[in-house]
Amino acid sequence: MKAAVYYENGGPEVFRYEDVPDPECHRKGIVIRVEAVSIEGGDTLNRFRGALAAKPHIVGYQAAGEVVAVGDEVDNIKLGDKVVTTGAFGSHAELRAVAARTAWVIPPGMDVRLAAAIPVPFGTAHDCLFEFGRMKKGEIVLVQAGASGVGVAAIQLAARAGAAMVLATASSDERLEKLKPYGLTHGINYQRDDVVNEVARLTDKHMADVIVDPVGGPTLQTSILSLAYRGRVSMVGQAGREPMKVDVGTMMGGNRSLSGVFLGAEIATDRVHDTIQQLIQDVADGTLKVLIDRTFSLKDAAEAHRYIESRQAVGRVLLIP
């Protein structure tokens with residue numbers, strides 16, 4: 001099969017488009033013929049500095065396609081099914097082997113490209129808001145990096161759950177404008193405005209009850225300072241690639257809390273598996289939307305990663321083998 005691979009960490013230029021051995025099907029797993037790869041934030045971070053499972057290494061958490069092999073011990077997925085899969089690596093390829101437990105059947109007639117972009121960003125956003133953020137109807141939500149995959153999902157889920165106000169940050173007014181149809185109440189251009197001051201102004205000094213932060217680094221301190229009394233931050237990533245330096249003492253006066261969130265730690269549980277399957281159905285039914293910014297050919301993985309890192313995208317960028 002063909003795959004986008006690399007032999008060392010670095011910028012997008014480390015990618016090579018090469019022939020590699022086809023993956024083998026585990027008795028508890030499946031193999032899919034990939035039709036769409038959703039490039040996740042962790043994919044670009046892993047390419048930059050993550051561990052290589054092998055040389056050459058095939059990066060990538062998430063891909064969807066048709067099932068072409070099924071393990072002997074798998075009884076809930078069959079040959080010919082369309083599924084979306086997650087795993088620690090291996091998405092940037094024409095074929096992909098995963099455990100059946102981290103695959104979800106796509107409803108008949110659903111666009112595979114949309115399904116490809118659901119489990120990690122929507123599952124993560126859901127956990128950040130509800131499982132760890134404990135969001136309730138009528139609360140104010142702030143989403144850092146609102147134009148990211150997790151951000152677009154979190155904006156929709158918060159609005160659907162009855163947030164009194166959904167705020168989000170992004171690097172330009174143009175990107176923020178594109179988020180308004182998804183439930184954004186007010187956008188904050190972090191390149192121009194002070195985020196903490198803007199949250200205070202927009203909320204009449206109440207601040208945010210729940211914050212989803214996939215950026216980390218210095219942004220995490222901004223999130224903490226933007227919290228309301230008893231506010232909760234769900235920290236879910238290091239997209240900023242900068243050291244985490246926070247003053248936890250700033251949390252005490254307002255009885256605030258900070259939770260680290262990693263969907264992968266619980267993705268094989270019934271709770272998360274069932275939640276993601278419902279989110280897929282919600283997109284199929286049209287009650288949630290997947291925002292696809294752009295698609296690239298698999299052989300152009302370097303160009304796709306470079307585009308994502310330029311911070312121009314709004315929503316997900318896909319690779320199509």
Side-chain angles (χ1 to χ4, degrees), residues 41 45 121 124-125 128-129 132-135 138-159 163-180 182-261 291 308-315:
L45 186 61
T124 295
C128 285
L129 289 168
F132 299 98
R134 307 185 304 282
M135 183 206 152
E139 291 191 314
I140 295 172
V141 174
L142 169 64
V143 181
Q144 299 276 21
S148 67
V150 171
V152 173
I155 289 167
Q156 292 182 74
L157 290 168
M165 189 181 294
V166 182
L167 311 177
T169 65
S171 60
S172 71
D173 292 343
E174 291 76 18
R175 297 177 87 197
L176 290 166
E177 192 65 28
K178 292 179 180 179
L179 299 175
K180 289 184 178 178
Y182 298 88
L184 178 67
T185 310
H186 298 288
I188 300 171
N189 182 338
Y190 68 79
Q191 297 277 32
R192 182 189 62 219
D193 300 321
D194 182 279
V195 173
V196 178
N197 288 343
E198 279 297 287
V199 172
R201 182 182 70 82
L202 293 167
T203 65
D204 196 22
K205 298 184 180 180
H206 175 85
M207 309 304 282
D209 299 294
V210 180
I211 299 178
V212 178
D213 188 339
V215 182
T219 298
L220 182 56
Q221 184 64 51
T222 298
S223 293
I224 291 170
L225 294 175
S226 299
L227 283 172
Y229 182 77
R230 287 203 173 208
R232 291 86 65 196
V233 175
S234 291
M235 191 278 293
V236 69
Q238 293 179 286
R241 302 182 183 177
E242 297 177 82
M244 297 281 188
K245 294 183 179 180
V246 299
D247 179 4
V248 294
T250 58
M251 301 169 62
M252 292 189 297
N255 288 325
R256 303 173 179 99
S257 60
L258 168 65
S259 296
V261 180
L291 178 54
I308 291 170
E309 291 176 341
S310 73
R311 299 187 179 182
Q312 298 178 65
V314 179

Calculate, to the nearest 0.5 Å, the distance between atoms [atom1] and [atom2] belonging to [X] and [Y] respectively.
X    : Y    : atom1 : atom2 : result
Q144 : S226 : CD    : OG    : 6.5 Å
H186 : L142 : NE2   : CG    : 12.5 Å
Y190 : T219 : OH    : OG1   : 7.5 Å
K178 : S172 : NZ    : OG    : 8.0 Å
D173 : Q191 : CG    : CD    : 10.5 Å
M165 : T203 : CE    : OG1   : 6.5 Å

Does T169 form a side chain to side chain donor-acceptor pair (under 3.5 Å) with E198? I'd like the steps, not just the answer. CA-CA 10 Å; T169 65; E198 279 297 287; over 6 Å; no
In the structure I gave you, are the side-chain heavy atoms of L225 and M207 within less than 4.5 Å of one another anywhere? no
Any side-chain heavy atom of L202 within less than 4.5 Å of one from T185? no
Could you walk me through whether R256 and V233 pass side chain to side chain contact (heavy atoms under 4.5 Å, CB included), step by step? CA-CA 8 Å; R256 303 173 179 99; V233 175; over 6 Å; no
Residues passing the side chain to side chain donor-acceptor pair (under 3.5 Å) test with Y182, sequence neighbours excluded, are none
Can you name the closest pair of heavy atoms from [X] and [Y] and give their distance?
X    : Y    : answer
G183 : V166 : O-CB, 3.6 Å
Y229 : G253 : CE1-O, 4.4 Å
A208 : V199 : N-CG1, 4.1 Å
D213 : L220 : OD2-CA, 3.2 Å
A154 : V212 : CB-CG2, 4.4 Å
V246 : Q221 : CA-OE1, 3.1 Å

Is a side-chain N or O of R134 found less than 3.5 angstrom from the main chain of F132, in a donor-acceptor match? yes
Show me the donor-acceptor pairs within less than 3.5 Å that the side chains of residues 145-153 make with the rest of the protein, sequence neighbours left out.
{"residue": "S148", "atom": "OG", "partner": "A145", "partner atom": "O", "Å": "2.7"}
{"residue": "S148", "atom": "OG", "partner": "G151", "partner atom": "N", "Å": "2.9"}

